[in-house]
Amino acid sequence: NAGRELFTYFGAYIKGLRTDKPNLRLIQMNEDGFTPVAIWEMTECVPTMFSQETNKGDSNDAAYFTVKFKPTDAYMI
């Protein structure tokens, strides 16, 4: 689960247990949800915020989270 991995990473980063800055890839999908519209590569991202959205566990929807980070560099591929 990507959300859980990010939450665990950010928690360790905040506590000083991890100091590495991950590289991230952001993929923007078309409205159909299957076709990539744009892809960004971001390097050496410093996490600035992570929060899980409320999830009641009573639906089939995906779990959502909000994440913010500050990359050293970013470019579109």
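Since the structure is predicted, the reported quantities are computational estimates derived from the model, not experimental observations. Residue numbers run from 1 in the order of the sequence given.
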Self-check item: Separation between CH2 of Trp40 and CD1 of Ile77, rounded to the nearest 0.5 Å
Solution: 11.0 Å

Practice problem: Tell me whether Leu24 is reachable from Leu26 by hopping between hydrophobic residues (I, L, V, M, F, W, Y) whose side-chain heavy atoms are closer than 4.5 Å. | Solution: yes

Self-check item: Over 12 non-hydrogen atoms of neighbours within 6.0 angstrom of CD in Gln28
Solution: yes

Quiz prompt | Whether Thr48 side chain and Lys68 backbone form a donor-acceptor pair below 3.5 Å | solution = yes

Practice problem: Quick one: pull up OH in Tyr9 and CG in Leu17 and give me the separation to the nearest 0.5 Å. | Solution: 11.5 Å

Self-check item: Nearest heavy atoms of Phe69 and Cys45, plus distance in Å
Solution: CD1-SG, 3.6 Å

Quiz item: Do the side chains of Ile27 and Met42 join up, straight or via other hydrophobic residues, at under 4.5 Å, putting them in one cluster?
Solution: no

Quiz item: Taking atom NZ of Lys70 and atom NZ of Lys21, what is their separation to the nearest 0.5 Å?
Solution: 10.0 Å

Exercise. Please report the closest heavy-atom contact between Glu44 and Asn23, naming both atoms and the distance.
Key: N-OD1, 2.9 Å

Exercise. State, to 0.1 Å, how close Tyr13 and Val46 come at their nearest heavy-atom pair, and which atoms those are.
Key: OH-CG1, 3.6 Å

Exercise. Kindly indicate whether the side chain of Pro36, heavy atoms from C-beta on, has any atom under 4.5 Å from the side chain of Met29.
Key: yes

